[in-house]
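To find a chain, count down the sequence lines: A is the first, B the second, and so on, and within it residues start at 1.
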Amino acid sequence: MPMEAPWKRHLKPDGPGRIRISKHGRMLTDAILVSDESHMSSHTDDRSPTQLVNTASLPGIVGEAWAMADWHFGYGFPIGGVVATDVDWGEQGGSISPGGVGFDINCGVRLCSTDLHISQIDPKHLAEELSMKIPAGASRKGGVPLGNSELDEILAGGASAAVDLGLAEARDLSCIESNGLLNSENREVGHKAMKRGSSSLGTLGSGNHFMELQVVDRIVDEEAAKAFGLRIGQVTAMIHSGSRGLGHQVCSEHVANIESNYSRRGDSWFSEKWGFSVPDRQLASAPIHSSEGESYFDAMNAAGNFAFANRSALTQRLREVLRNEYSVDGGLDVVYDVSHNIAKIENHVIHGKNCTCAVHRKGATRALGGDHPELSSSFPLGQPVLVPGDMGTASWVMAGPVNGANDAFSSSCHGAGRRLSRTAAKASVDSELLISELEEKGIHIRAKTPNVLSEEAPEAYKDVDEVIGLTNRAGLARPVARMRPVSVIKG
DNA sequence: ATGTAC
């Protein structure tokens, strides 16, 4: 008989949509799962709450360790995890950990609105056109070739550098998280990562990445939907992609570098250099003000800028396709663009005290209140929170609070969350059958690799509507509008 | 997620 996971004896309901794991063992803080009894019981894998519990022992952690409603198993940290550390903790600051951000640095979602009504488009034809014009799949084929100086401009300037290079529109910038720009002073991105970035800009990638045309099929919050420029029957476009091989390379190198400072000590991993101890080697972290910590943070931001530019370049390709079909570009505007794999320095009030902290969001979306200075009064009803579901069901737009911050360091879920592992999904789903089933539902899908389709099948994901409901009940973000897919491009 | 193994 396998031993029961210790956290199971420390669970207690903590209001609607929240289950608290009280501090026990090596935890420095409590942990909170956005979940309820029925949602909990649908999870047969105990490993991700164990991962969440492990993160609560990161040096310098503040508040609680959170798992958003779409939590599932990840590298060290659970996906859906939100962990904040005090940047002024100890001699060199609290933890910064590459595992708390993920391999696809600044993977994120962009939602675009159009002037088109669903009755004006031919989704099957557009799926075909998009599949020919949007570079997708694991290769870099079709990406924008960049010289080293151009690539460095992107790493320094993010989405605005994409505008300068003619790969994006200036009017899009104010509708991107952090205006599409993260501060990277040194851009210490190795030559391998530079090479991988030299021809992958403007490519979708593989796995759960996609470009999708959708139709707004439900409005829950009329006022916010109107403010976001959304209405029933309208065609929208959603792009889910990240920093491609460049970000992956940056993460791999820094994971290796930081992990190399840890060695086994009893049942945990210890860094002599920093006096840090973590229960899992994959949680390896460096003090944020150490040279390793600063170097990772700076390179992570550079890779994050690449991801903003990548989603910008993909938007431009989408505009070209629409321009070919209609006289103009379909009136395509960016509603918002969010990151769901990033660590950011933010000010928060924790148990009544102000704290500058490094908020790690790994598979979690920022959800700022409408009065936050960054939104500069453009979203008075709360920051748009973009939640892609699965390709056979729907995606959602939510909104952060009207005022102030939510309890999870202003964070929300980032998707439906995986129910089946990639391998389990591949074993149980026939991709040909899936294509015809989706076609019958009016969803036209084009994929570079059939295997990806099985991995991404609707049954591989949790019910997105349930995840949205939990997030709402937990008081993190409120649902605004639901979009149903009609044309889907996969890698 | 990923030049899905250097």
Rounded off to whole Å, could you give me the [atom1]-to-[atom2] distance for the [X] and [N] pair?
X         : N      : atom1 : atom2 : result
His254(A) : dT2(B) : NE2   : P     : 19 Å
Arg244(A) : dT2(B) : CZ    : P     : 5 Å
Lys426(A) : dT4(B) : NZ    : C1'   : 8 Å
Ile79(A)  : dT2(B) : CD1   : P     : 13 Å
Lys141(A) : dT2(B) : NZ    : C1'   : 19 Å
His209(A) : dT4(B) : NE2   : P     : 16 Å
Phe306(A) : dT2(B) : CZ    : P     : 11 Å
Glu456(A) : dT2(B) : CD    : P     : 11 Å

Exercise for review: Please determine if Arg418(A) forms a cation-pi arrangement with Tyr461(A), meaning its NZ or CZ atom is less than 6.0 Å from the six-membered ring centre and no more than 45° off the ring axis.
Suggested key: yes
What pairs of donor and acceptor atoms, side-chain ones from residues 384-391 of chain A against any protein atom, are under 3.5 angstrom apart with sequence neighbours left out?
residue: Asp390(A); atom: OD1; partner: Gly392(A); partner atom: N; Å: 2.8
residue: Asp390(A); atom: OD1; partner: Thr393(A); partner atom: N; Å: 3.0
residue: Asp390(A); atom: OD1; partner: Thr393(A); partner atom: OG1; Å: 2.8
residue: Asp390(A); atom: OD2; partner: Thr393(A); partner atom: OG1; Å: 2.8

Check your understanding: Which salt bridge (charged side-chain N to carboxylate O under 4.0 Å, His left out) pairs, counting each pair once, include a residue from residues 48-76 of chain A, with sequence neighbours left out?
Key ->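 Applying salt bridge (charged side-chain N to carboxylate O under 4.0 Å, His left out) to every pair that reaches into residues 48-76 of chain A, excluding sequence neighbours, yields Arg20(A)-Glu64(A).
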Check your understanding: What do you reckon, is NZ of Lys141(A) surrounded by more than 12 foreign heavy atoms closer than 6.0 Å?
Key -> no
